[in-house]
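Per chain, numbering begins at 1; letters A, B, ... match sequence-line order. Note that these values count all heavy atoms, side chains included, but never hydrogens, waters or copies made by symmetry.
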Amino acid sequence: MIKGIKGVKDILPEETPRWRLIEETARRWAVLYGFHEIRVPIFEVTALFARSIGASTDIVEKEMYTFQDRDGTSITLRPEGTAGTVRAYIEHNRAADPLPQKYFYTGPMFRHERPQAGRLRQFHQFGVESFGVADPRADVEVIALLWRMLSDLKLPSMTLEINNLGYAADREAYRPQLVAFLKQREETLCGNCRRRIDANPLRVLDCKVPQCRAATEAAPRLADCLSEQARAHFGSVLGELEAIGIPYSLNHRLVRGLDYYCLTTFEVTSTSLGAQNAVGAGGRYDALVETLGGPVTPAVGFAVGVERMAMMLPLAASSSESASVYVAGFGDRGSAAGFSALEELRLAGIRAVTDFRSGSLKSHLRQADRLRSQFALIIGDDEVVKGSAILRDMETKVQQEVFLTSLSSQVSSLLRIS
RNA sequence: GUGGGUGUAGCUCAGCUGGUUAGAGCGCCGGAUUGUGGAUCCGGAGGUCGCGGGUUCGAAACCCGUCAUCCACCCCA
C-alpha cells in the first residue's frame with residue numbers, strides 16, 4: 001500500500017468544517033482590519049529563505065525541503081510565509097503604491113522535523129504582513145487582530161507574551177556583555193547552549209532546560225542596553241495595548257527563532273496544547289525588505305498555526321452538511337424516475353442525495369436516516385403511474401403527495417415551511 | 001538527529017505464564033409476512049496478527065532486525 005509521507009496529514013471530511021471555521025474567522029477579522037489576501041507560491045529559490053530567515057537558524061540549517069530543479073537551480077518548499085510575501089512586495093514594486101500595504105495569506109508550509117503532537121512536516125499557517133508603517137500602532141494593530149481572532153474562536157487558556165528586541169545596533173551592543181556573562185558559566189549550560197554562545201547567544205535565554213534558566217537568571221538584560229528610540233517604541237506599543245484592552249505579559253526571554261525580527265516580538269501560547277504550545281507568533285522586521293533588495297520599509301506581521309488552533313476546537317463544533325432531501329426511488333420505473341427527480345432537485349438548488357446501491361424502500365429509508373436528511377422523497381412504481389411522489393418528513397413522519405410535473409417548486413415551498 | 005511507548009477486522013481494543021478452526025464491542029450488509037428509517041433480535045461479509053529472520057514439536061505471544069505510528073527532547077506555527 002502506498003502511504004502518505006511522514007508528518008504529512010490528510011484532512012478528512014470530518015475535520016474540514018472545523019478548518020473552514022478557522023479560516024473563515026481569520027479571513028473575516030483580517031478584512032475587518034484592512035488586510036488584503038495575497039497568494040504566493042509554495043516554493044521559491046532557496047536563497048530567498050536562507051537570506052531572510054537567517055543562515056544559522058534551525059530552519060535553514062536542517063529543516064528545509066530543498067531540491068534541484070531540472071536546470072540545476074536550488075528550490076525550497078516554503079518553511080514560512082513572510083519571505084515569499086516580501087519577495088512579491090519587492091518584485092511588483094508595491095512600495096510605489098501609496099495605499100496601505102497590508103496583506104494576509106494562508107496555506108501549507110514545510111519543515112523537515114520529527115513529527116510530534118502539534119508539529120508536522122506539512123502544516124498550515126495563516127499570517128499577516130503590514131508594510132511601510134513604523135508607527136508603534138501598526139504593531140498594536142497586528143497584535144490586536146491576532147488576539148481578537150483567537151478570542152473569537154474561543155480558544156482556551158491563551159496568553160500573549162511580548163518582548164522588545166531593540167534595533168540591530170542595540171543587540172550588537174548587548175551581545176558582548178551577554179557572551180561574557182555566558183562564558184563565565186559555560187560549565188552549567190546544556191551542550192546546545194554552549195554551542196549557542198558563539199552562534200546565537202540570545203537563544204540561550206529562551207532555553208527551556210532548567211539549569212540554563214537558572215544560570216541565566218542574573219544575566220544582563222537586553223532591556224538595559226536599548227536605545228532611547230527602541231524604548232520609546234516599545235513603551236507606546238504597551239501603552240496602546242492597554243488602551244484597547246489587550247492583556248499581555250512581558251517576557252524578556254522571548255527570542256524568536258527567525259533572525260529578521262527587531263523591536264516588538266510576541267507569541268501567543270496555550271497551556272492546553274502539549275509541548276508545542278505556541279499558537280501564533282510574530283514581530284517587527286524593519287530591515288528585511290531592504291535585506292532582500294527592496295527599499296527601506298518598516299514592517300510587522302504574525303503567523304498562526306491552523307493545526308494548533310484546530311486541536312483546541314471541539315470536533316463537534318462542526319456544522320452539519322446533511323442534505324435536505326433523500327430520494328428513495330425503487331422498482332424499475334421508480335428508480336428511473338428517482339434519478340430524474342434527483343437531478344431536478346439539484347438544478348433547483350436543493351441539496352439532494354440518494355444511494356444507488358439501495359433497491360428496497362427499507363434500505364433507502366435507512367440510508368436517509370443515517371445521512372440525517374430532513375425529507376425522503378419516495379418514488380415507487382405505483383407513484384410513477386400516478387405521476388406523483390411522497391415527501392416524507394423524517395422527523396415527524398408526516399407524508400405529503402407531490403406531483404412529478406411540479407416537483408422542485410413544491411418541494412422548495414415545503415422546505416421553506418419546515 | 002536522540003530517547004520512550006505502541007503496531008491483531010473499517011474503528012476501539014481483548015487474547016492468561018507459547019498449545020489446535022484468532023475473538024468482542026461499535027460500524028457495515030441482509031433478514032424478522034407482501035412498499036416505510038432509528039430500538040430489539042437473528043444471520044452474514046471482513047484479518048498476510050506491521051514486515052523479515054530466529055528459537056520451538058508448535059509463535060499473535062519469546063529473541064534479533066526492520067518499518068510505521070504516537071509522545072517527549074530539540075525546535076517552532
Side-chain angles (χ1 to χ4, degrees), chain A residues 1 3-9 12 14 22 26 53 57-63 78-82 106-127 146 150 190-193 195-196 200 203 206-209 212 254-258 266-270 273-282 301-312 326 328-331 334-335 355 357-384 390-399:
Chain A
M1 186 187 19
K3 303 222 284 190
I5 293 165
K6 184 202 283 281
V8 177
K9 281 246 172 56
L12 299 171
E14 291 80 1
I22 292 168
I53 297 166
T57 58
D58 280 28
I59 294 177
V60 173
E61 270 182 356
K62 50 194 190 196
E63 296 175 1
R78 64 181 184 192
E80 53 96 54
T82 300
T106 184
M109 307 294 164
F110 307 85
R111 292 183 200 172
H112 190 106
E113 295 186 271
R114 195 74 169 260
Q116 193 186 325
R119 192 172 75 184
L120 302 172
R121 289 187 175 178
Q122 179 182 149
F123 60 100
H124 297 76
Q125 287 188 337
F126 177 93
L146 171 61
L150 298 175
C190 71
N192 236 311
C193 283
R195 256 172 280 126
R196 284 177 182 142
N200 193 351
R203 292 250 30 213
D206 204 23
C207 186
K208 275 144 203 128
V209 176
C212 296
L254 181 66
V255 178
R256 316 270 34 267
L258 293 78
F266 53 90
E267 184 170 285
V268 175
T269 57
S270 170
L273 263 182
Q276 307 302 317
N277 65 352
V279 183
F302 72 74
V304 281
V306 180
E307 282 85 355
R308 291 187 185 175
M309 292 191 281
M311 282 168 78
M312 292 189 283
Y326 178 96
F330 59 103
S335 50
D355 183 351
R357 297 170 307 172
S358 299
S360 65
L361 179 56
K362 185 193 189 73
S363 61
H364 268 311
L365 286 175
R366 196 182 345 187
Q367 283 301 92
D369 184 52
R370 190 154 28 198
L371 294 168
R372 298 185 204 296
S373 308
Q374 239 182 106
F375 290 94
L377 185 73
I378 299 168
I379 312 176
D381 291 346
D382 298 354
E383 282 72 26
V384 175
I390 298 164
L391 190 70
R392 174 185 176 83
D393 185 316
M394 291 301 285
E395 206 178 314
T396 65
K397 301 184 182 185
V398 173
Q399 301 194 156

Sorted by chain and number, sequence neighbours left out, side-chain hydrogen bond (donor to acceptor under 3.5 Å, both in side chains) with A:Thr106 holds for none
Can you list the residues that meet the side-chain hydrogen bond (donor to acceptor under 3.5 Å, both in side chains) rule with A:Ser363, with sequence neighbours excluded?
A:Ser360
Checking all strands, does A:Gln399 fall into the base, sugar-phosphate, or nothing category for heavy-atom contacts under 4.0 angstrom?
base
Would you say A:Lys62 and A:His112 make side-chain contact, with heavy atoms under 4.5 Å?
no
With sequence neighbours excluded, tell me which residues meet ring-ring contact (aromatic ring centres under 6.0 Å, His included) with A:Phe302.
none
B:G35 versus B:G43 - spacing of their P atoms, nearest Å:
25 Å
Measuring only between side-chain heavy atoms, which start at C-beta, is A:Val8 closer than 4.5 Å to A:Phe110?
no
Taking the same atom, C1', in B:A22 and in B:G15, what whole-Å distance lies between them?
8 Å
Shortest non-hydrogen contact between A:Ala368 and A:Met394, atoms and distance
CB-CE, 3.9 Å
Separation of A:Arg372 atom CZ from B:G38 atom P, in whole Å?
14 Å
Residues which pass side-chain hydrogen bond (donor to acceptor under 3.5 Å, both in side chains) with A:Arg78, listed by chain and number, not counting sequence neighbours:
none
For a 4.5 angstrom cut-off between non-hydrogen side-chain atoms, does A:Glu63 reach A:Pro79?
no
Salt bridge (Lys or Arg N to Asp or Glu O under 4.0 Å) partners of residues 107-124 of chain A, not counting sequence neighbours, each pair once:
A:Glu113-A:Arg119
Check every strand shown and say whether A:Glu383 touches a base, only sugar-phosphate, or nothing at a heavy-atom separation below 4.0 Å.
base
Nearest-Å distance once atom P is located in both B:U55 and B:A14:
30 Å
Return the set of residues passing ring-ring contact (aromatic ring centres under 6.0 Å, His included) with A:Tyr326 (not counting sequence neighbours), or none when no residue passes.
A:His364
Does A:Phe330 lie flat on the base of B:G35, that is, centres under 5.5 Å apart and planes under 30° off?
no
Determine whether A:Gln125 and A:Phe123 make a side-chain contact, defined as any pair of heavy atoms from C-beta on separated by less than 4.5 Å.
yes
Output one letter per nucleotide in nucleotides 67-72 of chain B: B when a protein non-hydrogen atom lies under 4.0 Å from the base, S when only the sugar-phosphate is that close, - when neither is.
-SSSSB
Watson-Crick or G-U pairs under 3.5 Å in RNA chain B, rendered as dot-bracket with [ ] for crossing pairs and | for another strand
(((((((..((((.....[...)))).(((((.......))))).....(((((..]....))))))))))))....
In whole angstroms, the gap separating P of B:C29 from NE2 of A:His364 amounts to 13 Å
For B:C49 and B:U20, measure between their P atoms and round to the nearest Å.
16 Å
How close or far is atom C1' of B:G38 from atom CZ of A:Phe375, stated in whole angstroms?
18 Å
Closest-nucleotide mapping onto RNA chain B: is A:Glu395 or A:Ala303 further toward the 5' terminus? I mean the 5' end.
A:Glu395
Grab the CG-P distance between A:Leu365 and B:C29 for me, whole Å please.
14 Å
Describe the nucleic acid contact of A:Met109 in one word from base, sugar-phosphate, nothing, applying a heavy-atom distance below 4.0 Å.
nothing
Nucleotides 40-47 of chain B: protein proximity per nucleotide (B base, S sugar-phosphate only, - neither; heavy atom, under 4.0 Å)
--------
With A:Asp355 via salt bridge (charged side-chain N to carboxylate O under 4.0 Å, His left out) - residues at least two apart
A:Arg357
Nearest whole angstrom, please: distance from the C1' of B:U36 to the CD1 of A:Ile378.
6 Å
Using whole Å, report how far CG of A:Asp355 lies from P of B:C28.
12 Å
B:U34 C1' sits how many Å from A:Asp381 CG, rounded?
15 Å
Taking only N/O atoms, report every protein-nucleotides 6-11 of chain B pair under 3.5 Å with atom names and distance.
none

When you compare B:U21 with B:C26, how far apart are their P atoms, in angstrom units rounded to a whole number?
28 Å
Quick one: the side chain of A:Arg392 and the base of B:G37, do they pair up donor-acceptor inside 3.5 Å?
yes
Per nearest nucleotide of RNA chain B, the residue lying toward the 5' end, A:Lys62 or A:Val279, is A:Lys62
CD1/A:Ile5: more than 12 non-hydrogen atoms of other groups inside 6.0 Å
no
Distance between the C1' atoms of B:C11 and B:G47, in whole angstroms?
14 Å
Within the 4.0 Å heavy-atom criterion, would you say A:Ala368 contacts the bases, only the backbone, or no part of the nucleic acid?
nothing
Atom P, compared across B:C74 and B:U66: separation rounded to whole Å
26 Å
Enter the distance from A:Phe330:CZ to A:Leu361:CG here, rounded to the nearest 0.5 Å.
4.5 Å
Mind checking if A:Glu307 touches a base, just sugar-phosphate, or nothing, with heavy atoms under 4.0 Å?
nothing
Within the distance-only criterion (no hydrogens, no angle test), does the side chain of A:Arg308 pair as donor or acceptor with the backbone N or O of A:Gly118 below 3.5 angstrom?
yes
Nearest-Å distance for atom pair CD/P, residues A:Glu113 and B:C74
13 Å
Could you work out the separation of B:C42 and B:G25 based on their P atoms and round it to a whole Å?
10 Å
Residues forming a side-chain hydrogen bond (donor to acceptor under 3.5 Å, both in side chains) with A:Glu61, sequence neighbours excluded:
none
Should the side chain of A:Lys397 and the base of B:G38 be counted as holding a donor-acceptor pair, with the cut-off at 3.5 Å?
yes
